[in-house]
Amino acid sequence: MKALKELTATELGQLRQRVERELALQRANKLALDLSRGKPSPEQLDLSAELNEPLASLIANDGTDARNYGALRGIPEARALGGELMNVAADRVLAAGNSSLFLMYQVAATAMQRGLWADDRRWSRAAGPRMLAPVPGYDRHFTICESLGIEMLNVAMRDSGPDMDQAQRLAAEDASIKGIWCVPKYSNPTGCIYADETVAAMAELPRAAAADDFVVFWDNAYAVHDFEFPAAPLANLYDLAEAAGTAEHVALFSSTSKMTYASGGLGFCGGSDALLNALEGTLSLMCIGPDKVAQLRHARFLSGRIEEHMARHAAILKPKFAIVDQVLEEELGGLGIARWTQPKGGYFVSLTTPPRTAADIVKQAGEVGLKLTPAGATFPYGRDPNDDDIRIAPSFAPLNELEAAMRVLTGCVKLVAIAQLHRERPKGG
Ligand SMILES: Cc1ncc(COP(=O)(O)O)c(C=O)c1O
């Protein structure tokens, strides 16, 4: 296909008319397509139906009665499951709640108000505490920061993970920078896996930082969410941090949200004794023990068969990601107006469109009946400086609706890019 900018005005006009006709047909179908949020589909949720079967015993391995109060760090089998996901020993894990996001919020709030190291370090003592946010990134990380009054600074995201030179420079020169957000495997939204050198540099970052209370938030939400097996490796941040003497400055997170039931699963936080003590202290203010019946169910359902279970998710997800890639290639390949990621796992594809077009594309797609993640949502404060990033979340849409959804999206990309070319071309060009 010829690049859009090489087409003559007449050819561009013809292409625009064709795309407009196709979109008019789609609009007439009164579509209600949704590629906006990374939710598991009903088919994926059905893979965990066994979770609902009665449990043979409600007593955990250490004798804890799962029905009663207590065990704020979780029962041993749930902690072992979290350890498997986060690649640490079970005694480095706290299992609580149904969501890792809840635990991320609690760790950030504890760092601000109560301190993470049983001393007088508090982020809130800085005039304006700040965190580094690799972009594009996960909007709910940004919301945690905003709600706690933590300012965010963008760091560029590469295929190998965050630009660590930039992260180091910023953290080293400003003691008000207290931490960094990371999604190290199948990052949301680019789908990249952090390279070994990035993980090694991340383990060093708390030492390089000017702040003595710097924390790496290591949100490994997609730790086992591969489409292909053997699973892609990720270097072990905790081991590297122990070797670097920074283990008290990393907080690991994961959950079973996209393994079993989103919002009916288990959340995990991993790290040093200091971190776990501080988090347990905060949690003890608001609950007397986690849902250990849910923990037992999950541990018995998943232990020893994580990869087998995730391969079933992969069988549902991989064809959806293949359709996304196929339509992007068919419709936009060679036009010189878009590039996109081709992740081998996780929940998202990141589409980069021409500068200053993403908001317009998302708006036009909405008018045709396709809901997308709002443009800018992948950046702190909703501000994408180039207005060129669109997150595609194909997991929830039924397979048979995905193609139509992607044709609407790619049609809108073409229309907005053509309109931009018309505006920017010298008259008569
Ligand atoms: C990077 C990332 N972290 C965390 C979550 C939410 O996880 P949980 O359900 O455990 O709170 C998501 C969900 O989309 C995510 O993409």
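Remember, it's 1-based here, ligands and their atoms both numbered in the order they're listed.
- Remark: Lys39 qualifies as a cation-pi partner of Phe396 under the 6.0 Å distance and 45° angle criteria applied to the six-membered ring.
- Using a cut-off of 4.0 Å between Lys/Arg side-chain N and Asp/Glu carboxylate O, Lys318 and Glu228 are scored as salt-bridged.
- Listed by first and then second residue, the side chain to side chain donor-acceptor pair (under 3.5 Å) pairs involving residues 239-248 are Asn236-Asp239 (not counting sequence neighbours).
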Does ligand 1 have any N/O pairs with the protein under 3.5 Å, and how far apart?
| unit_1 | atom_1 | unit_2 | atom_2 | d |
| --- | --- | --- | --- | --- |
| ligand 1 | 3 (N) | Asp219 | OD1 | 3.4 |
| ligand 1 | 3 (N) | Asp219 | OD2 | 2.5 |
| ligand 1 | 7 (O) | Ser100 | OG | 3.3 |
| ligand 1 | 9 (O) | Ser257 | OG | 2.5 |
| ligand 1 | 10 (O) | Ser100 | N | 2.8 |
| ligand 1 | 10 (O) | Ser100 | OG | 2.7 |
| ligand 1 | 10 (O) | Ser255 | OG | 2.7 |
| ligand 1 | 10 (O) | Ser257 | OG | 3.2 |
| ligand 1 | 11 (O) | Ser99 | OG | 2.9 |
| ligand 1 | 11 (O) | Ser100 | N | 3.2 |
| ligand 1 | 11 (O) | Leu101 | N | 3.0 |
| ligand 1 | 14 (O) | Tyr222 | OH | 3.3 |
| ligand 1 | 14 (O) | Lys258 | NZ | 2.7 |
| ligand 1 | 16 (O) | Asn188 | ND2 | 2.9 |
| ligand 1 | 16 (O) | Tyr222 | OH | 2.5 |

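- Between His225 and Tyr347, the angle of the ring planes goes over 60°, which puts this pair in the perpendicular group of the 30/60° scheme.
- Paired with Ser254 under the rule side-chain contact (heavy atoms from CB on, under 4.5 Å), one option of Asn87, Leu85, Leu81 passes, and it is Leu85.
- Relative to the six-membered ring of Tyr222, Lys258 misses at least one condition, a distance below 6.0 Å or an angle of at most 45° to the axis.
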